[in-house]
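Comments concern the structure below.
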Amino acid sequence: MYPLEECKQEITQMLTDALASLQYPGDVHLETPPPGMGQYAFPCFTLAPVMKKAPQAIAATIAATLRPGGWVDRVEAKGGYVNFYLNPTRLTDATLHLILKRKDTYGWLEAHKEHVIIEHTSANPNGPLHVGRARNPIIGDTLVRLFKAAGYHVSSQFYLDDMGKQVAILAWGLKHLDPSTIPAPETDKDDHRLVGYYQRANELMEQNPSVAEEINTIIQGLEHGDPASLTMVHNAYAPVLAGIQTSLQRINIGVDAYVPESRFVLDGSVDAVIRKLKQTPYCHEEDGAFYLDVESFGIHGRNMKFFFLRKDGTTLYATRDVAYHQWKATQASALVNVLGEDHKLESRQVEIALTLLKTQPVPQAIFYSFVSLPGGKMSTRRGRVVYLDDLIEECIARAYEEVKQRRSEELSDQQMRTIAEQVGIGALRYNIIKVQPEKDIVFKWEEALNFEGNAVPFIQYAHARACSILAKASVTRHSFDASLLTHPSEMLLVEQLTRFPVVIDEACQNRRPNLIANYVYETAAAFNQFYRDCPVLSESNHVLRASRLSLVDAARIVLANALAILGIAAPKEM
RNA sequence: GGGCCUGUAGCCUAGACUGGAUAGGGCGACAGCCUCCUAAGCUGUAGGCCGCGGGUUCGAAUCCCGCCAGGCCCGCCA
């Protein structure tokens, strides 16, 4: 148990006892007061009407009943609140000891057995990843890291659509199109090289019914498990998928398993889903096709029919998705899916089907809205895109210019390139993860590449500063006296470091990775203020100097750990 | 036509689930701070009917209802 958890429990117990002895009703809900008013606050407003007394009077009565002790230094009634002030020395002492002992696992919650599968990215392998959906892998991977920090056993999955129209179009294009008619890509990366075939084939399909027919034949072949069709499509998308994997690795994202859709068609589980869905009372037939009537599940709109079987007997994406989720459900106690907001209806349909089939657990979806361009949304089909690879390169190039400007005197080109890579990629991930997933983002180069203020270099720089102090002091062994760290900037920094486990807990429980980004920014800001106010190396009091060095090391550890959850490098120098 | 999401200073954003103390930050603007641990930093100033209107409450950016604006969806596509 981490210090703040102990404090909260102790205060809750104190208050519960006090309320009981005063014969006041109600539960204890603690709040965090504004700075300077203690660490915990108990609002008395809800008691006022019941007790027929002013909240201020109630707060005073409760405060008078409480006797400080343990973690609690002092209790004070103020404006209808009972404020609790924790013993700063004890809190500092406990926090620093814990951080210096746990090091790169400080903040991590106790490990448990619960297994969660996080599905993310799952992009059609018909072209490079583009910025419009770039939030998906970044949110997904950050959730993976966050759940691990919160003690879960986690695995990530990429659901690979090797059965659908998109890959069939790509395969047709590769087979029939003359390479000289395809516009040359800017790189020789396979996903960029092949997307032109998809785009051209898509155009032809829209113009020419016979092309559409040929593509349909491929899809039919896939659905019936025809080996030739499967091989053709696999050979078409495999290099594209490899390109996507390379892009993901570039931004520190590894996926544990790529699960192909075809697996669930081939092993008969999709057939089983169809059989069982047909037996439910919600199933109806129309023109030889089958659907579930989902109106009674709260789905509204023009069409309340969830079709799961076409009249030609082939299945649909959502049907196969149901089979996939049944399979996933056997392996984990919780499922999380990171999906674009365009998948809301499909996701709900799958959820309804899973409920009808009595499958547990039902997946929980995290939806993000698309990144659009100032002129509208991105589209691979129409070629109106900014590719993730291009954005990565721009971020690194821009970061390189910044490092060069500042450090070309002291650092080698190799060192500057390493730093630029860390900063550029960090900037990309940070800019995306710091914003709530459901907010719309309009992509603008000048914003994406802005490296000042609430941006990753600010945080990485604070970390580098801490490393620099520690390197110059060359400490081998920590010894500190917590009672000397009394400067407001020191206390603020310690309080911030103390909160880290609470933040991880909250971010994970609410599935909100952006809280970690907020936290790491605030921590860096607290460190920079400490850096300004409290000279470390030049401090003449040896005990205070040593204590500050311990605090610097603790801050360094927390910044690095929080950045690790975000998948962002923590450079030792910048 | 219907459903879901979003709306906070010139721009971007936190806080909303779980209602509470003066709505935090950042960019941009203006004014300062390097003989001192990397100034990618720090300090200060200006800038807010928290989209609009009603309701619930001792108390609403937060909950409820109705509008308005933007995004997404309503296919035997994925």
Side-chain angles (χ1 to χ4, degrees), chain A residues 29 31 33-34 37 41 43-46 48-49 54-55 78-81 83 122 124 126 161 163-167 261 286-291 298-305 307-312 314-318 320-321 340-346 348 367-370 372 377 399 402-403 405-407 410 423 431 434-442 444 446-447 450-462 464-473 510 512 514-515 517-518 521-522 524-525 527-529 531-539 548 552 573-574:
Chain A
H29 279 295
E31 290 180 11
M37 290 195 248
C44 302
F45 304 94
T46 47
K78 192 169 185 183
Y81 293 89
N83 292 334
S122 301
N124 274 318
N126 58 353
D161 182 9
M163 298 287 296
K165 204 170 192 169
Q166 315 307 326
V167 283
E261 252 187 272
E286 183 179 293
D287 213 11
F290 289 83
Y291 67 91
I299 306 287
H300 306 282
R302 286 197 191 103
N303 196 343
M304 277 84 63
K305 296 168 183 173
F307 279 91
F308 61 90
L309 190 65
R310 294 193 186 100
K311 69 177 168 207
D312 65 2
T314 59
T315 59
L316 288 102
Y317 170 81
R320 290 171 250 138
D321 210 8
E341 60 180 338
D342 57 335
H343 273 64
K344 275 184 181 174
L345 179 62
E346 190 267 348
R348 181 76 188 114
F367 295 106
Y368 62 91
S369 66
F370 299 121
S372 59
K377 68 185 285 192
E402 300 281 336
V403 191
Q405 223 177 74
R406 295 167 225 267
R407 304 300 305 279
E410 301 102 335
V423 173
N431 277 326
K434 74 175 178 183
V435 180
Q436 292 180 15
E438 57 271 18
K439 292 245 191 192
D440 300 343
I441 294 183
V442 178
K444 295 174 192 135
E446 58 272 28
E447 276 175 23
N450 185 1
F451 283 5
E452 267 143 43
N454 186 358
V456 91
F458 178 91
I459 297 153
Q460 291 176 318
Y461 186 61
R465 276 177 149 183
C467 290
S468 170
I469 293 174
L470 293 165
K472 285 186 174 142
N510 297 315
R512 294 185 43 204
N514 59 307
L515 294 182
N518 295 347
Y521 174 71
E522 285 166 7
F527 179 80
N528 280 331
Q529 283 158 33
Y531 184 94
R532 172 202 63 203
D533 292 333
C534 306
V536 179
L537 298 177
S538 61
E539 175 55 50
R548 282 184 176 162
V552 170
E573 62 179 343
M574 281 176 72

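In what follows, every chain begins at residue 1, and chains take the letters A, B, ... in the order their sequences are listed. Note that these values count all heavy atoms, side chains included, but never hydrogens, waters or copies made by symmetry. Predicted model only: the values in this text are computed from it and were never measured.
In this structure, CG of Leu537(A) is placed 11 Å from C1' of C36(B), rounded to the nearest angstrom. In this entry the distance linking CZ of Arg512(A) with P of U18(B) reads 13 Å, nearest Å. Per the geometry, NZ belonging to Lys377(A) stands 11 Å off P belonging to G71(B), to the nearest Å. Atom CD of Glu402(A) and atom C1' of G41(B) are 14 Å apart (whole Å). In this structure, Asp321(A) places its CG atom 16 Å from P of C77(B), rounding to the nearest Å. Rounding to whole angstrom units, CD1 of residue Ile299(A) and P of G75(B) are separated by 12 Å. When rounded to the nearest whole Å, the span between CD of Glu31(A) and C1' of G59(B) equals 12 Å. The CD atom of Glu522(A) sits 10 Å away from the P atom of G25(B) (whole-angstrom rounding).
Ser369(A) places a side-chain N or O within donor-acceptor distance of the main-chain N or O of Lys439(A), the cut-off being under 3.5 Å. For Lys434(A) (side chain) and Asn454(A) (main-chain N/O), a donor-acceptor pair under 3.5 Å exists by modelled atom type. Judged by distance alone, the side chain of Arg548(A) and the main-chain N or O of Pro535(A) form a donor-acceptor pair under 3.5 Å. With hydrogens and angles ignored, the 3.5 Å screen pairs a side-chain donor or acceptor of Arg406(A) with a backbone N or O of Glu402(A). Looking only at distances, no side-chain donor or acceptor of Arg320(A) sits under 3.5 Å from a matching main-chain atom of Glu261(A). Judged purely by atom type and a 3.5 angstrom limit, Asn124(A) has no side-chain atom pairing as donor or acceptor with the backbone of Asn126(A).
Using a 4.0 Å heavy-atom criterion, one finds that Val403(A) contacts the bases of the nucleic acid, with or without backbone contacts as well. Here Gln405(A) lies out of heavy-atom contact (under 4.0 Å) with every strand. Residue contacts for Phe45(A): at a heavy-atom cut-off of 4.0 Å it reaches a base atom on one of the strands shown. Using a 4.0 Å heavy-atom criterion, one finds that Pro49(A) contacts no nucleic acid atom at all. Within the 4.0 angstrom heavy-atom criterion, base atoms lie near Ala464(A). Across all strands, Tyr291(A) comes closer than 4.0 Å to no nucleic acid atom at all (heavy-atom distances). Within the 4.0 angstrom heavy-atom criterion, base atoms lie near Thr46(A). Here Ala462(A) lies out of heavy-atom contact (under 4.0 Å) with every strand. Within the nucleic acid shown, Arg548(A) has no heavy atom closer than 4.0 Å to any nucleic acid atom. Heavy atoms of Asp287(A) sit under 4.0 angstrom from at least one base atom.
Closest to the side chain of Met37(A), from the set U18(B), A21(B), C73(B), is A21(B). With G75(B), U38(B), U43(B) as the candidates, the nucleotide lying closest to the side chain of Gln529(A) is U43(B). Considering only side-chain atoms of Lys165(A), the nucleotide from A21(B), C77(B), G15(B) that sits closest is C77(B). Across G15(B), C58(B), C42(B), the shortest atom-to-atom separation from the side chain of Asn528(A) is found for C42(B). Each of G15(B), C27(B), C77(B) was ranked by its minimum atom distance to the side chain of Arg310(A); first place goes to C77(B). The side chain of Phe307(A) lies closest to C76(B) when the candidates are C17(B), C76(B), G41(B). In this structure, of C42(B), C27(B), U13(B), it is C42(B) that holds the atom nearest to the side chain of Arg532(A). With C77(B), A21(B), C37(B) as the choices, the nucleotide that has an atom nearest any side-chain atom of Ile469(A) turns out to be C37(B). Side-chain atoms of Pro34(A) lie closest to A21(B) of the nucleotides C37(B), A40(B), A21(B).
Nucleotides U13(B) and G32(B) place their C1' atoms 27 Å apart, quoted to the nearest Å. Rounded to whole Å, the C1' atom of A9(B) lies 11 Å from the corresponding atom of C50(B). A distance of about 16 Å separates the C1' atoms of C63(B) and G15(B), rounded to the whole Å. One P atom belongs to G7(B), the other to A14(B), and the distance between them is 8 Å to the nearest Å. Separating the C1' atom of A60(B) from that of G3(B) is a span of 27 Å, rounded to the nearest Å. Only the C1' atoms considered, U45(B) is 22 Å distant from C34(B), to the nearest whole Å.
Here Arg465(A) reaches the OP1 or OP2 of A39(B): one of its side-chain N or O atoms lies under 4.0 Å away. OP1 and OP2 of C72(B) both lie 4.0 Å or more from every side-chain N or O belonging to Arg348(A). Between Lys472(A) and U38(B), a side-chain N or O to OP1/OP2 separation shorter than 4.0 Å is present.
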| said: For Leu345(A) and Ile299(A): C-alpha separation, side-chain torsions, deciding distance, then whether side chain to side chain contact (heavy atoms under 4.5 Å, CB included) applies. | reply: CA-CA 8 Å; Leu345(A) 179 62; Ile299(A) 306 287; 3.8 Å; yes

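Its glycosidic angle being within 90° of 0, C34(B) falls on the syn side.
Residues Phe308(A) and Thr315(A) have side chains not in contact (no heavy-atom distance under 4.5 Å, counting atoms from C-beta outward). Side-chain contact check for Ile441(A) versus Phe370(A): every heavy-atom pair is 4.5 Å or farther apart. At a threshold of 4.5 Å between non-hydrogen side-chain atoms, the residues Pro43(A) and Glu31(A) count as touching. Using a 4.5 Å heavy-atom threshold, the side chains of Tyr291(A) and Glu286(A) count as touching.
Evaluation of atom-type donor-acceptor distances gives a pair under 3.5 Å for the side chain of Asn83(A) against the base of A21(B).
Pairs of Watson-Crick or G-U wobble type, with distances under 3.5 Å, assemble into runs of 3 or more in RNA chain B at these ranges: B:1-7 with B:68-74, B:10-13 with B:24-27, B:29-33 with B:41-45, B:51-55 with B:63-67.
Comparing Leu316(A) and Asp342(A) against RNA chain B, the residue whose closest nucleotide sits nearer the 5' end is Asp342(A). Annotation: of the two residues near RNA chain B, Asp533(A) and Leu515(A), the 5′-most nearest-nucleotide partner is Leu515(A).
With sequence neighbours excluded, the residues satisfying side-chain contact (heavy atoms from CB on, under 4.5 Å) with Ala289(A) are Phe307(A), Lys311(A).
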Between the protein and nucleotides 4-7 of chain B, which nitrogen or oxygen pairs are less than 3.5 angstrom apart?
from: C4(B); atom 1: O2'; to: Lys344(A); atom 2: NZ; distance (Å): 3.1
from: C5(B); atom 1: O4'; to: Lys344(A); atom 2: NZ; distance (Å): 3.2
from: G7(B); atom 1: OP1; to: Lys439(A); atom 2: NZ; distance (Å): 2.9

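Taking the ring axis of Phe367(A) as reference, the NZ or CZ atom of Lys344(A) stays within 45° of it and closer than 6.0 Å to the ring centre.
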